[in-house]
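Remember, it's 1-based here, ligands and their atoms both numbered in the order they're listed. We're numbering straight along the sequence, starting at 1.
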Amino acid sequence: MSRYSIFSLARNALSGHRNWPRQWRSPEPRREYDVVIVGAGGHGLATAYYLAKEHRIQSVAVLEKGWLGGGNTGRNTTIIRSNYLQDESAAIYEHALKLWEGLSAELNYNVMYSPRGVMMLAHSVHDNQVLKRHIYANRLNGIDNEWLSPEEAKRFCPPLNIGRNIRYPVTGAALQRRGGTARHDAVAWGYARGADGMGVDIIENCEVTGLRRGADGAVTGCDTTRGFIGAKKVAVVAAGHTSVVMAMAGVRMPIESYPLQALVSEPVKPVFPCVVMSNSVHAYISQSDKGELVIGAGTDAYVSYSQNGGLHVAEHTLDAICELFPEFRRMRMLRNWGGIVDVTPDRSPIIGLTPVAGLYVNCGWGTGGFKATPGSGHVFAATVARGEPHPIAAPFTLDRFRTGRLIDEAAAAAVAH
Ligand code: FAD
Ligand code: PYC
């Protein structure tokens, strides 16, 4: 049963997201569900939403050790694009991008998706060749991406310094015009409200501490800080801690966890029209609707579960930003933070079944899973509901690290790691 009264639903419908999640409270967990999802980030909540909406599975609980959206979903820099190299990746990220285009209407909740264009800079002959290869591969997959000269790049993004006398002069850029940004909290809240309205239980402050298996080896539920919760199926979507949670069922994951940080400047009037990323100088930047410049770096060099990034990484990023956009040199930084990203050997996600019956996993999105949120939830819900991989999810098996059918996206991740 949902905790929504008809009155509060009507009020929400009238006022958009302002009443949510303020008036919402986690329910007491039931003893048994059809599906338990571990992790109330965007991917877990989207999975719950599509399970309820498209597969009519409403006996679903989403268990969250903290608060919903408090993991990477609420910590990321919200860049959305689908300009990945390999066909398998292009398919899933483009599936997600198409869902982004209608998401506010789907959820009746403004996720502030803004297709303002994502421009990836080249700084050398090698960069030119790599980005052009991406452009051609994308176009073959029906995905928009175009090459810009330095002058065209500056016309698209006037603050960009295309002088030849900087350490890494801009030699061109790849532009995906349909790429952009969205509001991360709104994505979590929108999916949560939608799932909650269809009867899904979203239970905060409920850490999963164990995964139980029956005599036949199949999963039977989760031990949690709020007691045992039985489940016919358990879906782990616990970015950053996937390997910890999966080890509870005896499954060893090919995952390493790294801190990834970001920072924002003081808010200013609109000065930055798009998203700019540079893989070579390890920096990316956009401007939020609040006016802050949103700036990100690469991951730390060492594995860790710390939600802080090394200061030297931020310093290096700011050096690069100030060189590319000299007019920001005198701005003040407001705050910085970190998240823990889970990285696979080929930098592509793992979505699907596991060696344990009834146990499913969705992880390994590394530095780039925000953009995938709707597509990931959509195909994972189908996979969990049917007990077999959705066609778009099928290549992203755990098994590929045994068979060698890797999906190498180290370059398209566009963030050093
Ligand atoms: P999360 O939002 O992290 O959700 C997982 C949840 O699981 C967490 O809330 C956590 O508390 C919970 N959990 C963990 N263990 C347990 C347990 N034992 N019991 C119960 N709950 C548990 N991606 C992009 O596409 N574009 C970007 O611009 C971008 N920028 C980024 C910038 C930064 C600084 C960071 C850190 C990440 C960035 N990413 C970006 C990556 C993106 O944020 C993630 O890939 C994505 O948000 C993952 O979503 P999720 O729902 O899987 O994970
Ligand atoms: O995947 O586009 C991305 C991204 C940008 C910043 C972090 N990840």
Heavy-atom pairs closer than 4.0 Å: do any link ligand 1 to the side chain of [X], the backbone, both, or neither?
X: Cys206; value: backbone
X: Ile80; value: neither
X: Thr224; value: neither

Pairwise side-chain contact, Glu266 with Met333, heavy-atom cut-off 4.5 Å (strictly under) |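 With C-beta onward as the side chain, the pair stays apart.
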Can you list the atoms of ligand 2 that are under 4.0 Å from a heavy atom of Gly368?
->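 Per the distance check, 1 (O).
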Which ligand 2 atoms, with their elements, are less than 4.0 angstrom from a heavy-atom of Thr367?
->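 Contacts of ligand 2 toward Thr367, numbered from 1: 1 (O), 4 (C), 7 (C), 8 (N).
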Would you mind finding which of [options] brings a heavy atom closest to [atom]?
atom: atom 33 (C) of ligand 1; options: Asn362, Leu260, Leu63; answer: Leu260
atom: atom 41 (C) of ligand 1; options: Thr367, Asn72, Thr299; answer: Thr367
atom: atom 27 (C) of ligand 1; options: Ile79, Ile37, Thr47; answer: Ile79
atom: atom 5 (C) of ligand 2; options: Lys371, Met120, Met277, Arg81; answer: Met277
atom: atom 22 (C) of ligand 1; options: Gln261, Arg81, Lys65, Glu204; answer: Lys65
atom: atom 51 (O) of ligand 1; options: His241, His43, His184; answer: His43

To check you understand the geometry: which heavy-atom pair defines the closest contact between [X] and [Y], and what is its length?
X: Ala90; Y: Ile143; answer: CB-CD1, 3.6 Å
X: Gly44; Y: Val237; answer: N-CG1, 3.8 Å
X: Leu260; Y: Ala297; answer: CD1-O, 3.4 Å
X: Leu68; Y: Ala192; answer: CD2-CB, 4.0 Å

Which of the ligand 1 atoms, numbered from 1, are nearer than 4.0 Å to a heavy atom of [X]:
X: Val245; value: 18 (N)
X: Thr78; value: 27 (C), 28 (O)
X: Ala239; value: 3 (O), 5 (C), 52 (O), 53 (O)
X: Arg75; value: 33 (C), 34 (C)
X: Trp365; value: 45 (O)
X: Val237; value: 5 (C), 7 (O)

Between Tyr50 and Tyr191, does the ring centroid distance fall short of 6.0 Å?
->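 Centroid distance Tyr50-Tyr191: below 6.0 Å, so yes.
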Aromatic ring proximity Tyr93/Trp100, centre distance under 6.0 Å |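 Here the rings of Trp100 and Tyr93 have centres that are no less than 6.0 Å from each other.
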What is the nearest protein non-hydrogen atom to [atom], stated with its residue, atom name and distance?
atom: atom 19 (N) of ligand 1; value: Val208 N, 2.9 Å
atom: atom 38 (C) of ligand 1; value: Asn76 CB, 3.2 Å
atom: atom 11 (O) of ligand 1; value: Glu64 OE2, 2.6 Å
atom: atom 45 (O) of ligand 1; value: Gly369 N, 2.9 Å
atom: atom 4 (O) of ligand 1; value: Gly41 CA, 3.3 Å
atom: atom 14 (C) of ligand 1; value: Ala238 CB, 3.6 Å
atom: atom 7 (O) of ligand 1; value: Gly39 CA, 3.3 Å

Interatomic distance, Tyr113 atom OH to Leu103 atom CG [nearest 0.5 angstrom] =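 The OH atom of Tyr113 sits 10.5 Å away from the CG atom of Leu103.
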If you round to the nearest 0.5 Å, how far is CE of Met119 from CD of Glu146?
->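 Those atoms lie 11.0 Å apart.
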Got a sec: does the [atom1] of [X] have more than 12 other heavy atoms crowding it under 6.0 Å?
X: Tyr168; atom1: OH; result: no
X: Leu140; atom1: CG; result: yes
X: Trp337; atom1: CH2; result: yes

Is there any N or O on [X] that sits under 3.5 Å from an N or O of ligand 1?
X: Gly66; value: no
X: Lys371; value: yes
X: Gly368; value: yes
X: Thr77; value: yes
X: Phe370; value: yes
X: Thr73; value: yes

Check ion pair [X]-[Y] (N to O, under 4.0 angstrom):
X: Glu204; Y: Arg25; value: no
X: Asp342; Y: Arg347; value: no
X: Arg193; Y: Asp196; value: no

Kindly determine whether His241 and Tyr305 satisfy ring pair (Phe, Tyr, Trp, His ring centres under 6.0 Å), including the steps that lead there.
-> CA-CA 8 Å; His241 291 87; Tyr305 289 108; 5.2 Å; yes
Determine whether any heavy atom of [X] lies closer than 4.0 Å to an atom of ligand 1.
X: Gly366; result: yes
X: Gly240; result: no
X: Gly296; result: no
X: Gly74; result: no

Between Tyr284 and ligand 2, which part of the residue brings a heavy atom under 4.0 Å of the ligand: side chain, backbone, both or neither?
->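 The side chain, only.
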Starting from the C-alpha separation in whole Å, work towards a yes-or-no answer on salt bridge (charged side-chain N to carboxylate O under 4.0 Å, His left out) for Arg226 and Glu207.
-> CA-CA 8 Å; Arg226 295 175 71 169; Glu207 180 169 356; over 6 Å; no
Derivation of the side chain to side chain contact (heavy atoms under 4.5 Å, CB included) call for Asp34 and Lys233 | CA-CA 6 Å; Asp34 286 347; Lys233 295 180 178 179; over 6 Å; no
Qualifying residue for ring pair (Phe, Tyr, Trp, His ring centres under 6.0 Å) with His378, from His95, His55, His43 |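 That would be His95; it is the only one of His95, His55, His43 passing the ring pair (Phe, Tyr, Trp, His ring centres under 6.0 Å) with His378.
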Residue pair Phe396, Asn362: steps toward the side chain to side chain contact (heavy atoms under 4.5 Å, CB included) verdict | CA-CA 9 Å; Phe396 296 96; Asn362 181 342; over 6 Å; no
